[in-house]
Engineer: 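Before we start, here is the structure in question, set down as structure tokens.
Chain letters run A, B, ... following the sequence lines, proteins first, then strands; residues in each count from 1.
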Amino acid sequence: MARVHKFRISSTRSNDLVCRSMAAAEAKGTMMRRAGHYCGRFLELDGRMLRNFGTCSYLGLDQHPELRQAAIAAVEEYGTQFSISRAYLECALYQGLENNLEKMTGQPTLVAPSTTLAHMAALPVLVRDNDAVVIDQFAHASLHAATELLRDVPVHLVRHSRLDQIDELLQKLSICYERIWLVVDGLYSMFGDFAPFEGLGALLDRWPQLHLYVDDAHATGWLGTHGRGGALMQLGQHNLHQHKRVVVALSLNKSFAAAGGALALPDAELKVRIRRCGGPMLFSGPIQPPMLGAAVASSKLHLRAEHSATQAQLMQRIDYALAAAAQAGLPLATHHRTPVFFIPCDSVDEATNEVQWLINEGFYVCPSAFPAVPVNRPGVRFTITLHNELEDIDALIEAARARGHTCGACPNVEATKWGLIPSKA
Amino acid sequence: MNRADALDKTLRQMYAVISFPEGGEPDWEGMKAVFHPQAQLTRVTPEGIDHFDLQSFQAMATEMLDRGVYTAFFEQEIARREHTFGSLAHVLSAYETKRSPEAASCLARGVNSIQLLWEGASWRVLSLLWDEAMPGNPFDLKQLFAAEVSCG
């Protein structure tokens with residue numbers, strides 16, 4: 001059954017359109033580039049060092065000496081690759097990593113080769129024959145790809161974070177289906193908005209057949225106790241009756257600054273089931289030893305008492321950037337307290353010009369256009385991380401302000417238009 | 001209302017019913033009033049040419065909305081040339097699409113070729129064919145409309 005289509009759009013046509021869009025961006029020099037030297041705070045592009053506002057290494061741990069040393073030590077111990085499927089044999093480092101991740105999340109946790117492969121392993125195992133799936137239109141592409149594997153169940157799209165539409169669908173689907181899986185991101189990586197956790201919790205209360213699968217890749221590490229992310233903080237084990245119906249995928253690739261993905265599961269039995277029959281758990285290559293070493297070191301950092309102070313430092317930078325943007329009159333797509341910032345632009349050309357100008361001024365930021373965002377919502381995306389000093393943030397905001405507000409209408413109009421949730425004090 | 005005013009009204013309504021704000025959808029009921037039940041809509045893109053009737057157009061547009069290809073759509077007429085004879089009208093209508101009516105620049109520009117039928121009290125769209133400006137297909141308002149440029 002799989003995706004419930006109202007109209008079949010040819011895959012070839014879709015690929016042709018995406019290819020054309022990417023080719024245009026590549027021709028303008030804003031996509032598919034190659035960096036030279038990289039040190040976290042700065043990266044080299046076309047022989048110039050730019051201040052880095054494009055990374056997802058939100059806590060700056062990719063340059064942490066303990067992670068570097070652990071990667072080197074793992075290479076010394078195991079070599080560059082442990083080229084045996086985990087179906088047969090796994091590198092010893094997996095055990096320590098999963099033990100630490102279970103302390104981080106407070107739940108049984110399974111490591112996967114990546115977050116994408118975690119979805120592809122988990123969803124076909126979690127979703128059973130008499131289930132249905134509802135997926136947010138803006139859920140990460142890897143989630144949509146994973147739902148394509150669900151041949152025997154209906155998969156419905158729902159408009160972004162529309163709790164009313166989800167509720168309506170649940171009303172229809174709960175009549176015919178045993179369980180309904182709602183698939184969402186915990187933090188949407190283009191506009192930087194959180195999933196409506198409070199509303200999702202209410203839906204879990206209202207619909208006992210509802211199960212949640214949350215991709216919290218972009219909130220792992222910098223948010224929540226020990227970096228367990230927003231979804232587990234809001235819907236995890238402390239919500240006794242809800243946590244049994246919530247599965248959260250985490251990333252070890254972004255803020256965590258290593259490699260791989262992880263699944264925080266409601267019970268140990270599910271962990272065993274996915275480990276035994278989740279496709280990529282059997283047929284995909286394992287995480288390489290140096291990255292396992294880095295992941296173990298990162299997990300240890302996350303379990304230290306000082307980790308919350310590191311998280312607080314990032315939150316201060318985020319708040320600083322939000323305040324600076326507001327003072328400069330810079331329109332933003334959302335004002336959620338996340339490290340992802342998005343300046344809407346009126347056209348792709350405008351977004352491209354803004355990016356080219358900011359690069360010229362010494363800042364690396366990313367253009368955003370279809371297919372990453374809707375056709376009508378192009379813009380400039382940048383991230384705030386612990387690589388960025390306050391003076392870097394000041395300089396970026398000032399550069400964007402000095403460029404002039406050719407992007408979009410005034411901030412208040414933007415806030416109203418896209419139904420922003422104001423940040424909590 | 002005379003036929004000339006009625007034609008203007010139908011064309012304005014056509015642009016209004018296909019436009020919608022964030023979180024909305026085209027005005028499907030409004031489209032049924034503006035478009036003839038036998039209307040054909042044809043879209044030219046670099047990837048191919050698509051032919052729709054009203055039902056399949058609605059299905060295609062809804063699928064695109066569901067996928068998040070668009071979350072809002074504003075199409076505004078910027079110039080028009082009309083030819084009428086009896087109960088038929090042909091309109092070449094230049095448009096631009098924007099992310100909001102207030103946007104300073106546009107997402108895209110193109111030309112609608114529209115055939116309308118007079119049904120005794122109003123005009124309805126029988127056929128809509130459109131193509132967009134691209135590299136290799138430049139948009140030249142003066143060349144298209146010469147001295148007949150009139151703002152919509």
Engineer: Do the side chains of B:Glu22 and A:Arg377 get close enough for a salt bridge, i.e. N-O under 4.0 angstrom?
Structural biologist: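 Salt bridge: yes.
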Engineer: So, taking the atom named CZ in A:Arg13 and the one named CG in B:Asp50, what distance separates them when rounded to the nearest 0.5 Å?
Structural biologist: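 Atom-to-atom, A:Arg13:CZ and B:Asp50:CG are 4.0 Å apart.
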Engineer: Given a strict heavy-atom distance threshold of 4.5 Å, which part of B:Phe57 is in contact with chain A: side chain, backbone, both, or neither?
Structural biologist: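 For B:Phe57, no heavy atom lies under 4.5 Å from chain A.
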Engineer: Is it true that the side chains of B:Thr71 and A:Asn376 contain a donor and an acceptor less than 3.5 Å apart?
Structural biologist: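 Distance-only check passes for B:Thr71 and A:Asn376.
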Engineer: Less than 4.5 Å apart, any side-chain heavy atom of A:Ile9 and any of B:Arg67?
Structural biologist: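 Yes. Closest side-chain heavy atoms under 4.5 Å.
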Engineer: Can you confirm whether B:Met134 sits close enough to A:Arg20 that some side-chain heavy atom of one is under 4.5 Å from a side-chain heavy atom of the other?
Structural biologist: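 A side-chain contact under 4.5 Å exists here.
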Engineer: Return the CZ to OG distance between A:Arg8 and B:Ser56, rounded to the nearest 0.5 Å.
Structural biologist: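 If I round to the nearest 0.5 Å, the distance is 16.0 Å.
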Engineer: Over all heavy atoms of both residues, which pair between A:Arg162 and B:Gly23 is shortest? Give the atoms and the distance, please.
Structural biologist: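 Closest heavy-atom pair between A:Arg162 and B:Gly23: NH1-O, 3.7 Å.
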Engineer: So do B:Phe52 and A:Phe7 actually touch side chain to side chain, heavy atoms under 4.5 Å?
Structural biologist: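 Yes. Closest side-chain heavy atoms under 4.5 Å.
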Engineer: Are any side-chain N or O atoms of A:Asp16 and backbone N or O atoms of B:Glu47, one a donor and one an acceptor, separated by less than 3.5 Å?
Structural biologist: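 No; zero donor-acceptor contacts below 3.5 Å.
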Engineer: What's the shortest heavy-atom distance between B:Gly68 and A:Phe138, and which atoms?
Structural biologist: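 Where B:Gly68 meets A:Phe138 most closely, the heavy atoms are CA-CE2, 4.0 Å.
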Engineer: If you compare all heavy atoms of B:Leu107 against all heavy atoms of A:Asp346, which two are closest, and at what distance to 0.1 Å?
Structural biologist: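 It is CD2-O, 3.3 Å.
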Engineer: Is B:Glu119 atom CD crowded by more than 12 heavy atoms from other residues, nucleotides or ligands, each under 6.0 Å away?
Structural biologist: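 Buried by this count: over 12 neighbours within 6.0 Å.
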Engineer: A:Pro378 versus chain B, heavy atoms under 4.5 Å apart: side chain, backbone, both or neither?
Structural biologist: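 Interface part for A:Pro378: side chain.
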Engineer: Given a strict heavy-atom distance threshold of 4.5 Å, which part of B:Thr97 is in contact with chain A: side chain, backbone, both, or neither?
Structural biologist: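 Neither part, no heavy atoms under 4.5 Å.
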Engineer: Around atom CD of B:Gln38, are there more than 12 heavy atoms from other residues, nucleotides or ligands closer than 6.0 Å?
Structural biologist: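 Open: at most 12 neighbouring heavy atoms sit under 6.0 Å from CD of B:Gln38.
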Engineer: So how far is it from A:Arg159 CZ to B:Leu65 CG, rounded to the nearest 0.5 Å?
Structural biologist: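 Going from the CZ atom of A:Arg159 to the CG atom of B:Leu65 covers 4.5 Å.
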Engineer: With side chains defined as the heavy atoms from C-beta onward, is the minimum distance between A:Cys345 and B:Arg99 less than 4.5 Å?
Structural biologist: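 A:Cys345 vs B:Arg99: side chains apart.
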Engineer: Ignoring hydrogens, what is the shortest heavy-atom contact between A:Ser347 and B:Ser105? Give both atom names and the distance.
Structural biologist: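 Smallest interatomic distance, heavy atoms only, reads OG-OG, 3.6 Å.
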Engineer: Select one option (side chain, backbone, both, neither) describing which atoms of A:Ser14 are under 4.5 Å from chain B's heavy atoms.
Structural biologist: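 Looking at A:Ser14, just its side chain touches chain B.
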